[in-house]
Asker: 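Sharing a structure here in structure tokens format.
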Amino acid sequence: MSSLLIKNAALILFAQRGYEGASLADIIEDVGIKKSSIYNHYKSKDDLFLSVYESCVHEEIQVTRDFFKKHLTNETLLPTLKAYIEFHSHRIKNIPSAHFLFRFIIFPPHHLHEVLLEKSESYYEKLNIQFIEFLNTTETFKAYTEEQATHFVHLYLVILQGIRLDHLTGGGYLSQTRLDIAWTFFLKQVEDQFTTK
């Protein structure tokens, strides 16, 4: 229980203040334990940070899986893909674990850059595999050639990443407007390039 309380407190503080701005003393104070007690669960601040990171990765993969299982059908392919960007944007803005993960994917602590780069690449690889598996449950996507499918996925992920970055760096104030504009061009590209003749 103490381990979970420590991790939850660390998640909030890291997400709010960044790695450097959240000290072990702050985390200990939030949990209400003795300083020595934290070392019964985590070897160091880095160990705690990486444990939180791994938990957030696991949560985002599960949340993505649940979202597409619930919403994606052959008839709802494109609306579901747009809805996922909006859902994901909401999570980054309002859910500490999502904000934490994508903040530190883009802006990792300098001394953990290589470690987190490897972890983020693994996360994106799992997410892309999962994403394509769900797309392949629709007849629309399965009808694409391999090249069309690759271009479709990359184009979609550029929009997703752009909106994600906008929320982290620009506050997300224009994210919906930008998404609507980008989505109009995406739909036109799908119609022109990906519709099987």
Asker: Going from CZ on F68 to CG on L81, what distance comes out if it is rounded to the nearest 0.5 angstrom?
Answerer: 5.5 Å
Asker: side-chain contact (heavy atoms from CB on, under 4.5 Å) between Y123 and L101: does it pass, once the steps are laid out?
Answerer: CA-CA 10 Å; Y123 163 69; L101 180 59; 4.1 Å; yes
Asker: Do Q148 side-chain atoms and T145 backbone N/O form a donor-acceptor pair below 3.5 Å?
Answerer: yes
Asker: Linking I/L/V/M/F/W/Y whenever any side-chain heavy atoms sit under 4.5 Å apart, do L5 and F100 land together?
Answerer: yes
Asker: What verdict does the side-chain contact (heavy atoms from CB on, under 4.5 Å) test give for F14 and Y53, after you've listed the backbone C-alpha separation in whole Å, the side-chain angles of each residue and the deciding distance to 0.1 Å?
Answerer: CA-CA 10 Å; F14 283 136; Y53 190 95; over 6 Å; no
Asker: Would you say the side-chain atoms of S3 and Y42 include a donor-acceptor pair closer than 3.5 Å?
Answerer: yes
Asker: Can you check whether E118's main-chain N or O pairs, donor with acceptor, with S122's side chain at less than 3.5 Å?
Answerer: no
Asker: Can you see whether Y156 has K82 sitting over its ring - NZ or CZ less than 6.0 Å from the centre and within 45° of the normal?
Answerer: no
Asker: How many angstroms lie between NE2 in H88 and NZ in K93, if you round to the nearest 0.5 Å?
Answerer: 15.0 Å
Asker: Quick one: do E121 and K126 make a salt bridge, cutoff under 4.0 Å?
Answerer: no
Asker: Establish whether V158 and L160 are linked, either directly or via other cluster members, by ILVMFWY side-chain heavy-atom contacts under 4.5 Å.
Answerer: no
Asker: Got a second to check how far R178's CZ is from D166's CG, nearest 0.5 Å?
Answerer: 4.5 Å
Asker: CZ of F67 to CG of L72: how many Å apart, nearest 0.5 Å?
Answerer: 9.0 Å
Asker: Answer yes or no: are there more than 12 heavy-atom neighbours, outside E146 itself, under 6.0 Å from its atom CD?
Answerer: no
Asker: Ion pair present between D66 and K70, side-chain N to carboxylate O less than 4.0 angstrom?
Answerer: no
Asker: Taking E139 first and then K142, would you say they form a salt bridge - that is, a charged N and a carboxylate O separated by under 4.0 Å?
Answerer: yes
Asker: Take a 6.0 Å sphere around CZ of F185 and say whether it holds more than 12 heavy atoms from other residues, nucleotides or ligands.
Answerer: no
Asker: Check step by step if side-chain contact (heavy atoms from CB on, under 4.5 Å) holds for I85 and R164.
Answerer: CA-CA 8 Å; I85 296 176; R164 175 186 293 163; over 6 Å; no
Asker: Would you say S51's side chain and D47's backbone share a donor-acceptor pair under 3.5 angstrom?
Answerer: no
Asker: Could you give the distance from CD1 (I28) to CD1 (I33), rounded to the nearest 0.5 Å?
Answerer: 6.0 Å
Asker: Would you check if V190 and Y144 make a side-chain contact, meaning some heavy-atom pair closer than 4.5 Å?
Answerer: yes
Asker: Is a donor from one side chain sitting under 3.5 angstrom from an acceptor on the other, for D26 and S23?
Answerer: yes
Asker: Would you mind reporting whether V63 and F87 have side-chain heavy atoms less than 4.5 Å apart?
Answerer: yes
Asker: So, using side chain to side chain contact (heavy atoms under 4.5 Å, CB included) as the criterion, who are the partners of K34 when residues are at least two apart?
Answerer: S36, S37
Asker: Please name all residues satisfying salt bridge (charged side-chain N to carboxylate O under 4.0 Å, His left out) with E54, sequence neighbours left out, ordered by chain then number.
Answerer: K119
Asker: Measure the spacing between CD1 of I27 and CZ of F49 and express it to the nearest 0.5 Å.
Answerer: 10.5 Å
Asker: Do we see a donor-acceptor contact under 3.5 Å between the side chains of Y84 and T64?
Answerer: yes
Asker: Does the side chain of I132 reach to within under 4.5 Å of the side chain of F152, using non-hydrogen atoms?
Answerer: no
Asker: Indicate, with yes or no, if L187 and L135 share a hydrophobic cluster defined by side-chain heavy-atom contacts under 4.5 Å among Ile, Leu, Val, Met, Phe, Trp and Tyr.
Answerer: yes
Asker: Please evaluate residues F186 and L78 with respect to the criterion side-chain contact (heavy atoms from CB on, under 4.5 Å), reporting the C-alpha separation (whole Å), side-chain torsions for both, the decisive distance (0.1 Å), and the verdict.
Answerer: CA-CA 10 Å; F186 178 71; L78 293 173; 3.9 Å; yes
Asker: For residues L13 and I95: do they belong to one hydrophobic cluster (side chain heavy atoms under 4.5 Å, members Ile, Leu, Val, Met, Phe, Trp, Tyr)?
Answerer: no
Asker: Please examine the side chains of Q176 and E86, heavy atoms only from C-beta on, and report whether any two atoms are closer than 4.5 Å.
Answerer: yes
Asker: Under 6.0 Å from the CD atom of Q161, do we count more than 12 heavy atoms belonging to anything else shown?
Answerer: yes
Asker: Hey, can you pull the donor-acceptor pairs under 3.5 Å for the side chains in residues 108-115, sequence neighbours left out?
Answerer:
residue	atom	partner	partner atom	Å
H111	NE2	D46	OD1	3.0
H111	NE2	D46	OD2	3.2

Asker: Measuring only between side-chain heavy atoms, which start at C-beta, is S97 closer than 4.5 Å to L11?
Answerer: yes
Asker: Does L174 belong to the same Ile/Leu/Val/Met/Phe/Trp/Tyr cluster as I92, with side-chain heavy atoms less than 4.5 Å apart forming each link?
Answerer: no
